[in-house]
J.: 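Structure below; questions to follow.
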Amino acid sequence: MSCPDVPGPSGAPAPGPDPGGTSRRRFLSYLVAAPTLAVGVRWAGPASALPVPTAPAPADVLDLGDVLILAAKDTESMLIVLEVRADGTVTCALPREEVGQGITTAVAMLIADELDLPLAKVQVTLADARPELQRGQLTGGSNTIRSVYEPVRQAAATVRARMAAAAARELGVTAGSLSLADGVLTARDGRSLDFGALTGPAADPDLAVGEAEPKAAADLVLVGRPTNRIDAVKMVTGQMDYTLDLDPVPGAARAMVRRPPTLNGTVKSVDNRAAVLAMPGVLGLHVLPTGVAVLAQTFGQALDAKEALKVTWGAGTVDAESNASIFRRLAAAATPVPPAPPGTQVVDAEFTFAPASHAPLETNSAIADIRATGGEVWAGLKSPIVAAQEIAKDLGLPQGSITAHVVQGGGSFGRRLFFDAALEAARISKAARRPVKLMWTRIDDMRHGRARAASYHHVRAVHAAGSVLSLDHSVASVETDFRHGLGEILTAMSAQLPVGGNLSFAQTVFLTTIKSPYDFGRVTQGLQEVPLKMPTGSFRSVYSANTRGAEEVVVDEIAKQQGKDPAAFRREFLKTDRQRAVLAKVVKEGAWGKVMPAGFAQGIAFHDEYKSCTACLVEVDARNPRRPRVTRATIAADYGLPINPRGLEAQLLGGLTDAIATVFRAGLHVVDGLPLEGSYSQFHFARQKDSPRDVRIFVLPATTGTPGGAGELGLPAAVGAVANAYARATRTRVRSFPINFPVDFTPFPRGTGSTRVHVPPPPP
Amino acid sequence: MPKYSFVVNGKAVTVDAPANLSVLWTLRDKLGVTGPKYGCGINVCKACTSHLDGKAFNPCVTYVSDVQGRRITTIEGLADPDGTLHPVQEAWLEQDVPQCGYCQPGQIMAVAALLARTRTPTDAEIDAIENVCRCGTYFRIRKAIKSAAAKIAAREAAG
């Protein structure tokens, strides 16, 4: 179902599939052997029967997040372990990757709420790769809170019950007579014990403990309360350690890699090896499948040496390809959309989206210490189990011999699903027989790092007499790489997926994420891939930013042909009351329909995915169509159950900024097998001057009682709203993204020459 | 190799380094001061923004020989020695600005320098801040700048 309506007055869940199968009674808790209390939860019910895919779109029945939860069901027992320390703090090593989503804060809130603990007494760290979790340690698909919500609450409820039982035994009272506040259990006579004192007694396996039920929604205090990030103090004081700020193996050499002049080019020969080895600080040089690695004492010296290398290169994988040729291939590969019947009106639109770099501010980076029999890597890893397995395989080491440490990342947007830097660092460490810190330069990260694949879209919407009869959307995209564990998950789940036929991983991801929120009659949405070998990876919202963004443009054009207001038209065709409430919120708060001067306009759009939905309304100043600016934005979202509204607002703000960037200016020009863009002065990601001065975000109160997806939700609606506002302000049709996309810079040379810049400092 | 002496966060340091080693790698690789981040190396992302004698500068494009005898403040040295946060840091916490946090040391140092020379920056002056935030926190940064300006004014009014 789409953004299903709220539960009935009885409080029973809305009818419909429960593919996540997260009814809390199906969890049992267990003790982890430890001197202090450590509690896990396990799945106690049978594998849930899966619904038959009869709903209009597979993603309505079983979305990608549901698939990820189901795929990890058999290891869910081990997912969450809470430990109470002697100082009274509760810790959780979360088997997920934090890259800015605020998941550690949200999980800490859930734990603190169940345990009546101050938030400051809960610590959430990031777990290393835990191979026993098999398919259960992948951070993606907006799925962290969806997948850990019930296990975390159940584990915390068990801790509370054991604490109460232990205190009751120690004090000789009944558990029910104790009151709990701030981690202290107090008897009626005033005697009290805190969690720290109880952690030993509570770990006694013979302790009789009553049933541990998570709190009722009405008793939760922190859930739903806007809460600041638990890691922000470290961030604003410079104490947050990202991968290259760590020093886990003292004496690690600094490594950089000289990369080929075209994507996936190969090294034929290194022509000045001795001269480079003689440069100051240089410690070694190694040829890799991806280029030539230079080791030095500092990254500054490694960079100079890398740039001084003379290398003869072999061909890459797409040397003859440029954006224009790629788009021709995509248009040719797209499945034809059905013709419109006679007597109908048609919106027929073709769209192109240029490739886009994830461009996280922290470039691909890793630390590796590989010895003869195994080793360790440190990096921002969203699929650490697969990373450790693949690194072991690549190095010819036994499975289980690589420990992958998950480090908080400086942004991801999809990039850190892959582990390119960790693998490369491991190869270098093995070859050099010493620990290394590897950093990609920005230029390399933008050109050779993974990017959102270019896509082509043909949408045909047919309408008559005020009804929309059909919407057919044919998408063609350069192949997106899903070899970060998702492919294996989909293979393992294939019998249970609500999609038939011989579909590729990409088509399965597409069909479990893409759906229309509107009653548009016959809706078909399909993907064809063109197998060009380019470094690609899912970008925030995977296919939705482009696919749903384009559809939202088409929605405006249907409304225009019908002579209807774009907001009123959406209200008429949305499927559920939940969706309409979200739309109504931005219409009201954003003053939809207000009169704007020439060159200005409002734009509106809607998106529904992963059991959440959102509407976005922006105002654009396009008096200069080449340098438009979003001046104001109003966003509303319904997450089913918002855990931390402040964090959710942050994610919506991020999605808005991504949309402003990728709709207006940010893209990659692939020319002769290499992107021209090499830094933020060329890949025009939004800056402060591109960002609205007025943003209002409304996270609506809980509706379904179950948290929906959050990290990717904001982007597709914002893409539609920004594009629609621009089209209305300029009285044009928007078809090619980014809209303003000249090569307005001098590209860095292809793999040669120094990029050194020197700016004399201001005088004293 | 030549030696260079300067002050980092109130502490006198001397390093052996080639004259053209950037201050960014001098700080990070030789001195273990990791608050300033690499984001581009060519002065366009501004993630490394720090202060040189109280003014904003970008260590990635400054040579170690440029800072002989001078005073560098990085994000680690912005708070008072007693731990009291700078008003800009307080405002960043209050507005819950950071997402991934990687650019924020540079953002904060840029704003601290801006507020040191302009007590109440206009929206146009805020727009002129070029530091890239890939998470897109710009609106919260704008609110935090205004809040920080008010905090500084309040501190001064309180004497």
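Computed from a prediction, not measured in an experiment: that's the story for all the values here. Residue numbers start from 1 in every chain, and the chains themselves are labelled A, B, ... in the order their sequence lines are given, proteins ahead of strands.
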J.: Do A/Thr657 side-chain atoms and B/Gly136 backbone N/O form a donor-acceptor pair below 3.5 Å?
T.: yes
J.: Taking B/Cys60, B/Cys135, B/Gly35, B/Gly32 one by one, which has the highest count of heavy-atom pairs under 4.5 Å against chain A?
T.: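 Heavy-atom pairs under 4.5 Å are most numerous for B/Cys135.
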J.: Hey, which of B/Asn58, B/Asn43, B/Ile42 is the one that makes side-chain contact (heavy atoms from CB on, under 4.5 Å) with A/Val759?
T.: B/Asn43
J.: List for me each residue that meets ring pair (Phe, Tyr, Trp, His ring centres under 6.0 Å) alongside A/Phe539, sequence neighbours excluded, and say none if there are none.
T.: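 Result, ring pair (Phe, Tyr, Trp, His ring centres under 6.0 Å) vs A/Phe539: A/His358.
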J.: So what's closer than 4.5 Å to chain A heavy atoms on B/Cys40: side chain, backbone, both or neither?
T.: both
J.: Find the one option among A/Gly647, A/Pro762, A/Ala661 whose heavy-atom pairs under 4.5 Å with chain B are most numerous.
T.: A/Pro762
J.: What part of B/Leu85 gets closer than 4.5 Å to chain A, counting heavy atoms only: side chain, backbone, both or neither?
T.: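 For B/Leu85, the contact with chain A is made by the side chain alone.
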J.: Which atoms of B/Asp96 come close to chain A, meaning under 4.5 Å heavy atom to heavy atom: side chain ones, backbone ones, both, or neither?
T.: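 Both backbone and side chain of B/Asp96 come within 4.5 Å of chain A.
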J.: What I'd like to find out is whether the side chain of A/Gln101 reaches to under 4.5 Å of the side chain of B/Cys100, using heavy atoms alone.
T.: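 With C-beta onward as the side chain, the pair stays apart.
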J.: For chain B, which candidate among A/Glu649, A/Arg646, A/Met240 shows the most heavy-atom pairs at distances under 4.5 Å?
T.: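 Sorted descending by pairs with chain B, the first entry is A/Arg646.
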J.: Report yes if the side chains of A/Arg693 and B/Arg142 come closer than 4.5 Å at any heavy-atom pair, otherwise no.
T.: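 Yes; the side chains approach each other to less than 4.5 Å.
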J.: Could you tell me whether the side chain of A/Arg229 reaches within less than 4.5 Å of the side chain of B/Pro98, counting heavy atoms only?
T.: no
J.: Between chain A and each of B/Asp66, B/Ile108, B/Ile141, B/Val97, count heavy-atom pairs under 4.5 Å; write down the option with the most.
T.: B/Asp66
J.: What I want to find out is whether B/Asp127 reaches A/Arg687 closely enough, with some N-O distance under 4.0 Å, to be called a salt bridge.
T.: no
J.: Rounded to the nearest 0.5 Å, how far does CD of B/Gln99 lie from CG of A/Leu653?
T.: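 CD of B/Gln99 is found 6.5 Å from CG of A/Leu653.
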J.: Any chance you could measure B/Arg134, atom CZ, to A/Phe413, atom CZ, to the nearest 0.5 Å?
T.: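 With rounding to 0.5 Å, CZ (B/Arg134) is 4.5 Å from CZ (A/Phe413).
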J.: How about A/His758 and B/Val61: do any of their side-chain heavy atoms sit closer than 4.5 Å?
T.: no
J.: What residue, out of B/Thr137, B/Leu24, B/Val132, has the most heavy-atom pairs lying under 4.5 Å from chain A?
T.: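 Heavy-atom pair counts peak at B/Val132.
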J.: When the aromatic ring centroids of A/Phe299 and B/Tyr38 are compared, is their separation below 6.0 Å?
T.: no
J.: How long is the gap from CD on B/Glu125 to CD on A/Gln688, to the nearest 0.5 Å?
T.: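 With rounding to 0.5 Å, CD (B/Glu125) is 13.0 Å from CD (A/Gln688).
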J.: When you measure from the side chain of B/Tyr63 to the backbone N and O of A/Pro760, does any donor-acceptor pair fall under 3.5 Å?
T.: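 Such a contact is absent between B/Tyr63 side chain and A/Pro760 backbone.
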J.: Does a side-chain N-to-carboxylate-O contact under 4.0 Å join A/Lys437 and B/Asp29?
T.: no
J.: Determine whether B/Phe139 and A/Pro692 make a side-chain contact, defined as any pair of heavy atoms from C-beta on separated by less than 4.5 Å.
T.: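 Side chain of B/Phe139 against side chain of A/Pro692, heavy atoms only: no contact under 4.5 Å found.
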J.: Who wins among B/Glu94, B/Gln107, B/Lys55 for the most heavy-atom pairs under 4.5 Å with chain A?
T.: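 Maximum pair count with chain A is reached by B/Glu94.
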J.: Which region of B/Gln95, side chain (C-beta onward) or backbone (N, CA, C, O), has a non-hydrogen atom less than 4.5 Å from a non-hydrogen atom of chain A, or is it both or neither?
T.: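 It is both, since atoms from each part get that close.
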J.: Are A/Thr298 and B/Arg28 packed together at the side-chain level, in the sense that at least one heavy-atom pair is separated by less than 4.5 angstrom?
T.: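 No. Closest side-chain heavy atoms not under 4.5 Å.
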J.: Which atoms of B/Ala56 are under 4.5 Å from chain A, going by heavy atoms: the side chain, the backbone, both sets, or neither?
T.: backbone
J.: At a heavy-atom distance under 4.5 Å, which candidate from B/Gln89, B/Lys143, B/Gln104 has the highest pair count against chain A?
T.: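 If we count pairs closer than 4.5 Å to chain A, B/Gln89 comes out on top.
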J.: Against chain A, work out which of B/Ile129, B/Leu78, B/Ile126 has the most heavy-atom pairs shorter than 4.5 Å and name it.
T.: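 The option with the most such pairs is B/Ile126.
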J.: Which residues from residues 7-21 of chain B are near chain A, with near meaning under 4.5 Å between non-hydrogen atoms?
T.: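 Checking residues 7-21 of chain B against chain A gives B/Pro18, B/Asn20, B/Leu21.
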